[in-house]
Amino acid sequence: MRVSTPALELRGATDNLLDELADAVRSGKTHAEPLPYDDPISLYEPDPDLRVAKWLRAIWRGRGKVEPEAWRLYFVVVVDGRAVGMQDLIGVDFPSFGTVTSFSWLASDQRGRGIGHEMRAAILHLAFDGLGAKEAGSDAFVDNHGSNAISRALGYEPNGSDWATRLGEPALLNRWRLTRDNWQRRDDIQLHNIEACRKYLPLS
Ligand SMILES: CC(C)(COP(=O)(O)OP(=O)(O)OC[C@H]1O[C@@H](n2cnc3c(N)ncnc32)[C@H](O)[C@@H]1OP(=O)(O)O)[C@@H](O)C(=O)NCCC(=O)NCCS
């Protein structure tokens, strides 16, 4: 399964693709300051090999959990044939509300060139156009300027705030909400082989 835009592809995260990404995880290219991820997450594990092991186990566990209240599609972001990050789509009580949220990271040496914006636009296309979502949410710590800027630029509206911890320290999260009406549809994003998603995911 793939989502393609003029700048990148989201490819279903096979073990081969995860293997291509493992060096970025091992060398800490998932890191950012201020800390961007809420607890618990494998990416905060300090030992590099253990970090990769925990990261893979979390993805494998997530692949196996497909319930109406929660499912998660894992994608590897590929730019010019190279695996550079991940962009996941998470269904949250989808049959009741049509709601999704997303999670992403991009290797630190690839940031600041518009890739983060493009990969979020791609996953929104899958959610709204491919799966018929009604609303997409996103959370980011108030000091995660990249993620907040992407949500704002893509038409999300502020939806309050929440507390979460990062490495045990409390911090405020911005909550964002993008309705189907406010989603800016693009004609240059394509979905490939998504029939299996419709067949196997509990969407209704
Ligand atoms: C969040 C992330 C995916 C953004 O990817 P990116 O490719 O760097 O972002 P882009 O280049 O598409 O930038 C998008 C916008 O954010 C702004 N931005 C990006 N990084 C920024 C920073 N560190 N400080 C201020 N603004 C920033 C850009 O100027 C751009 O704004 P614009 O649309 O007004 O021009 C990436 O920074 C990342 O992987 N961070 C660590 C993990 C993370 O935060 N994940 C999200 C958890 S909620």
Side-chain angles (χ1 to χ4, degrees), residues 3 5-11 13 17-18 20-45 51-52 54-55 58-59 62 72-80 82-90 92 99-127 136-167 169-178 182-184 186 188-189:
V3 185
T5 84
L8 57 76
E9 263 190 4
L10 306 183
R11 294 193 194 154
L17 281 168
L18 292 174
E20 284 183 35
L21 262 191
D23 276 347
V25 175
R26 188 176 289 106
S27 61
K29 288 184 182 171
T30 54
H31 186 73
E33 284 294 341
L35 296 176
Y37 313 113
D38 49 332
D39 300 323
I41 189 164
S42 56
L43 301 177
Y44 285 146
E45 164 59 47
R51 180 160 65 241
V52 172
K54 288 183 173 180
W55 169 69
I59 294 171
R72 181 164 179 155
L73 300 177
Y74 296 84
F75 290 93
V76 171
V77 182
V78 177
V79 176
D80 296 332
R82 287 185 50 214
V84 295
M86 288 200 77
Q87 175 70 68
D88 302 344
L89 182 69
I90 301 149
V92 187
T99 37
V100 295
T101 184
S102 58
F103 171 82
S104 66
W105 63 265
L106 184 61
S108 47
D109 51 6
Q110 303 289 325
R111 293 178 195 157
R113 293 191 283 129
I115 299 173
H117 179 108
E118 187 77 356
M119 61 203 220
R120 183 92 71 86
I123 208 72
L124 288 173
H125 200 89
L126 171 63
S138 179
D139 291 352
F141 286 112
V142 292
D143 51 14
N144 188 338
H145 302 299
S147 180
N148 286 308
I150 291 169
S151 297
R152 200 175 293 110
L154 286 171
Y156 291 72
E157 292 169 330
N159 184 26
S161 60
D162 237 334
W163 287 100
T165 61
R166 38 186 179 183
L167 281 178
E169 289 297 317
L172 265 184
L173 284 167
N174 285 331
R175 305 190 52 171
W176 296 92
R177 165 196 281 158
L178 175 63
N182 287 350
W183 168 54
Q184 301 146 11
R186 279 176 46 180
D188 60 350
I189 300 182

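Counting convention: from 1, in listed order, for ligands and their atoms alike.
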Open item on the list: Any heavy-atom pair between the side chains of Trp176 and Arg152 that's under 4.5 Å?
Closed with: yes

Task: Nearest atoms (heavy-atom pairs only) where Ala122 meets Leu8 - done: CB-CD1, 4.5 Å

- [ ] Below 4.0 angstrom from a heavy atom of His145, which ligand 1 atoms are there? Numbered from 1 as shown, please.
- [x] 24 (N), 25 (C), 26 (N)

Task: Contact with ligand 1 for Asp139, non-hydrogen, under 4.0 angstrom - done: yes

Open item on the list: Quick one, Thr101 and Asp139 - any side-chain contact, counting heavy atoms below 4.5 Å?
Closed with: no

Open item on the list: For Ala13 versus Val76, what's the shortest heavy-atom pair and its separation?
Closed with: CB-CG2, 3.8 Å

Open item on the list: Run Tyr156 and Arg175 through side chain to side chain donor-acceptor pair (under 3.5 Å) and show every step you take.
Closed with: CA-CA 10 Å; Tyr156 291 72; Arg175 305 190 52 171; over 6 Å; no

Open item on the list: Are any of the N/O atoms on Ser104, whether in the backbone or the side chain, positioned under 3.5 angstrom from an N/O atom of ligand 1?
Closed with: yes

TODO: Determine if the distance from atom 37 (O) of ligand 1 to the closest protein heavy atom is below 4.0 Å.
DONE: yes

Open item on the list: What I want to know is whether Met119 and ligand 1 share at least one N or O pair that is separated by under 3.5 angstrom.
Closed with: no

Open item on the list: Using a plain distance cutoff, I'd like to know if Arg113 has any nitrogen or oxygen under 3.5 Å from a nitrogen or oxygen of ligand 1.
Closed with: yes

Task: For atom 8 (O) of ligand 1, the protein heavy atom that lies nearest, with its residue and separation - done: Gly112 N, 2.8 Å

Open item on the list: Any salt bridge linking Asp38 with Arg166? Criterion: basic side-chain nitrogen under 4.0 Å from a carboxylate oxygen.
Closed with: no

Open item on the list: Side chain or backbone, does Gly116 bring an N or O within less than 3.5 Å of an N or O on ligand 1?
Closed with: yes

- [ ] Around atom 1 (C) of ligand 1, find the nearest protein heavy atom and jot down its residue, atom name and distance.
- [x] Ser147 N, 3.9 Å

TODO: Provide, to 0.1 Å, the distance between atom 4 (C) of ligand 1 and the closest protein heavy atom, together with that atom's residue and name.
DONE: Ile150 CD1, 3.7 Å

Open item on the list: Could you tell me, atom by atom, which parts of ligand 1 come under 4.0 Å of a heavy atom of Gly114?
Closed with: 10 (P), 11 (O), 12 (O)

- [ ] Count the heavy atoms belonging to other residues, nucleotides or ligands that lie under 6.0 Å from CG of Asp80, then report whether that count exceeds 12.
- [x] no

Open item on the list: On a heavy-atom basis, which atom in Leu154 and which in Leu178 lie closest, and how many Å separate them?
Closed with: O-CD1, 3.7 Å

Open item on the list: To check your reading of the model: name the closest protein heavy atom to atom 43 (C) of ligand 1, its residue, and the distance in Å.
Closed with: Pro36 CB, 3.7 Å

TODO: Inspect the contact between Arg177 and Glu157 and indicate whether a charged nitrogen and a carboxylate oxygen are less than 4.0 angstrom apart.
DONE: no

Task: Test log, rule side chain to side chain donor-acceptor pair (under 3.5 Å), inputs Asn174 and Ser161 - done: CA-CA 5 Å; Asn174 285 331; Ser161 60; over 6 Å; no

TODO: Can you confirm whether something in the protein, heavy atoms only, sits under 4.0 Å from atom 34 (O) of ligand 1?
DONE: no

Task: Any protein heavy atom nearer than 4.0 Å to atom 28 (C) of ligand 1 - done: no

Open item on the list: My question is simple, although I want it checked carefully: is atom 11 (O) of ligand 1 less than 4.0 angstrom from any protein heavy atom?
Closed with: yes

- [ ] Give the ring-plane orientation class for Tyr37 versus Phe103, where under 30° counts as parallel, over 60° as perpendicular and anything between as tilted.
- [x] tilted

Open item on the list: Checking contacts here: is it the side chain or the backbone of Glu118 that comes within 4.0 Å of ligand 1, counting heavy atoms only? Could be both or neither.
Closed with: neither

- [ ] Examine His117 against ligand 1 and note whether any of their N/O atoms are separated by less than 3.5 Å.
- [x] yes

Task: Phe103 to ligand 1, any heavy atom closer than 4.0 Å - done: no

Task: Under 4.0 Å to a heavy atom of Ile115 - the qualifying atoms of ligand 1, by number - done: 7 (O), 12 (O)

Open item on the list: Please determine whether salt bridge (Lys or Arg N to Asp or Glu O under 4.0 Å) holds for the pair Arg186 and Glu118, giving the CA-CA distance in whole Å, both sets of side-chain angles, and the decisive distance to 0.1 Å.
Closed with: CA-CA 11 Å; Arg186 279 176 46 180; Glu118 187 77 356; 2.9 Å; yes

- [ ] Measure the distance from atom 18 (N) of ligand 1 to every protein heavy atom, then report the residue, atom name and distance (to 0.1 Å) of the closest one.
- [x] Gly146 CA, 3.6 Å

Open item on the list: Students should be able to answer this: which protein heavy-atom is nearest to atom 42 (C) of ligand 1, and at what distance?
Closed with: Tyr37 OH, 3.4 Å

Task: Closer than 4.0 Å: a protein non-hydrogen atom to atom 23 (N) of ligand 1 - done: no

Task: 4.5 Å side-chain heavy-atom contact, Val100 and Ile90 - done: no

- [ ] Considering only non-hydrogen protein atoms, determine which one is nearest to atom 44 (O) of ligand 1 and report residue, atom name and distance to 0.1 Å.
- [x] Asn144 ND2, 2.8 Å

Task: Identity and separation of the nearest protein heavy atom to atom 16 (O) of ligand 1 - done: Ala149 CB, 3.3 Å

